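Indexing begins at 1, ligand by ligand and atom by atom, following the structure's order. Small disclaimer: the values here were computed from a predicted structure and weren't measured.
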Amino acid sequence: MKLYDFKMAPNPRRVRVYLAEKGIDVEMVQVDIPAGENLGEEFRAINPRSVLPTLVLDDGTVIDESVAICRYFEELHPEPPLMGTDAKSRAVIESAQRHMEWDGLMSVAEAFRNANPAFDDRGISGSTGVPRIPDLVERGRASTERFFASLNDNLGQSTYVAGEDYSIADITAFCVVDFAKWIQIRAGDQHPHLKRWYAEVSARPSSSA
Ligand SMILES: N[C@@H](CCC(=O)N[C@@H](CS)C(=O)NCC(=O)O)C(=O)O
């Protein structure tokens, strides 16, 4: 089994943090996104979508969505549970994790990619042919600010993003909050609950994965 990874990118980081929380070791192969290695022939033969992370199982099966990769390991290594333990907790955690992804990760990515000339012909991750739209930068920044406010409210109601237990929703949120530093958006005094939570999750050993 091999996990194609890129240390600097937020989606691969979600999977690395998840694996660290579980104590699972997987062989990793670095694919340099800024250098365009994910767009080269060699990686495209493995994954024509050109995205990371990509997990390749020993039988050749390719899984290239972060949460699907985590789901695969969750089934094989249920302890400690990071995706819920029964119908209700699984649904609540999945819902919260999607909020972190759609409202948070996509917003930061929109502001980051559309501001960066390196992505001129790669406005959306994956292969080329999708123009960057600089006008979307402000929209991405506004929706990131909205996300920070709503995450702060969420964390005013519960210890963790999806309730009283640490879960994959916290992993996505943590990676989003760090990714937002790339667009110079950080938690401030108006986000006391977010700051309390961030201090705790960033002290976990998995945060350096
Ligand atoms: N929905 C995918 C998104 C994967 C994704 O967009 N990965 C980025 C890195 S964070 C990527 O591979 N980008 C390649 C590129 O921009 O060329 C997931 O959750 O894993």
On the 0 to 90° scale, with breaks at 30° and 60°, tag the F174-Y198 ring pair as parallel, tilted or perpendicular.
-> tilted
Step through it carefully: locate the ring centre of Y4, locate the ring centre of F43, and say whether they are under 6.0 Å apart.
-> yes
Taking both backbone and side-chain atoms of S66, is any N or O found less than 3.5 Å from an N or O belonging to ligand 1?
-> yes
Looking at ligand 1, does R14 have a heavy atom less than 4.0 Å from it?
-> yes
Does R14 use its side chain to pair, donor to acceptor, with the backbone of C70 at less than 3.5 Å?
-> no
Is the count of non-hydrogen atoms from other residues, nucleotides or ligands lying under 6.0 Å from M1 atom CE greater than 12?
-> yes
In the protein, what heavy atom is nearest to atom 3 (C) of ligand 1, and what distance, to one decimal place, separates them?
-> N11 ND2, 3.6 Å
Non-hydrogen atom of A109 closer than 4.0 Å to ligand 1 = no
Report the nearest protein non-hydrogen atom to atom 4 (C) of ligand 1: residue, atom name, distance rounded to 0.1 Å.
-> L52 O, 3.4 Å
Atom indices of ligand 1, in the order listed, that fall short of 4.0 Å to a heavy atom of A9 | 9 (C), 10 (S)
CE (M106) with more than 12 external heavy atoms under 6.0 Å = no
Look only at the side chain of S207 and the backbone of S202, and say whether a donor-acceptor pair between them is shorter than 3.5 Å.
-> yes
Which ligand 1 atoms, with their elements, are less than 4.0 angstrom from a heavy-atom of V51?
-> 12 (O)
Ligand 1 to P12, heavy atom cutoff 4.0 Å, flagged ligand atoms 10 (S)
Drop me the distance from R113's CZ to R122's CZ, to the nearest 0.5 angstrom.
-> 6.0 Å
Any idea which atoms of ligand 1 are less than 4.0 Å away from a heavy-atom of P10?
-> 10 (S)
Around atom 2 (C) of ligand 1, find the nearest protein heavy atom and jot down its residue, atom name and distance.
-> E65 OE1, 3.3 Å
Determine the interplanar angle of the W182 and F179 rings, folded into 0 to 90°, and report it as parallel if under 30°, tilted if 30 to 60°, perpendicular if over 60°.
-> perpendicular
Within-shell test, G126 vs ligand 1, heavy atom, strictly < 4.0 Å = yes
For atom 14 (C) of ligand 1, the closest protein heavy atom turns out to be N38 ND2, 3.2 Å
Please write down residue, atom name and distance for the protein heavy atom closest to atom 13 (N) of ligand 1.
-> S125 CB, 3.4 Å
Show which atoms of ligand 1 fall inside a sub-4.0 Å distance from at least one heavy-atom site of P53.
-> 20 (O)
Using atom types as modelled and distance alone, determine if a side-chain donor or acceptor of S95 lies under 3.5 Å from a backbone N or O of A91.
-> no
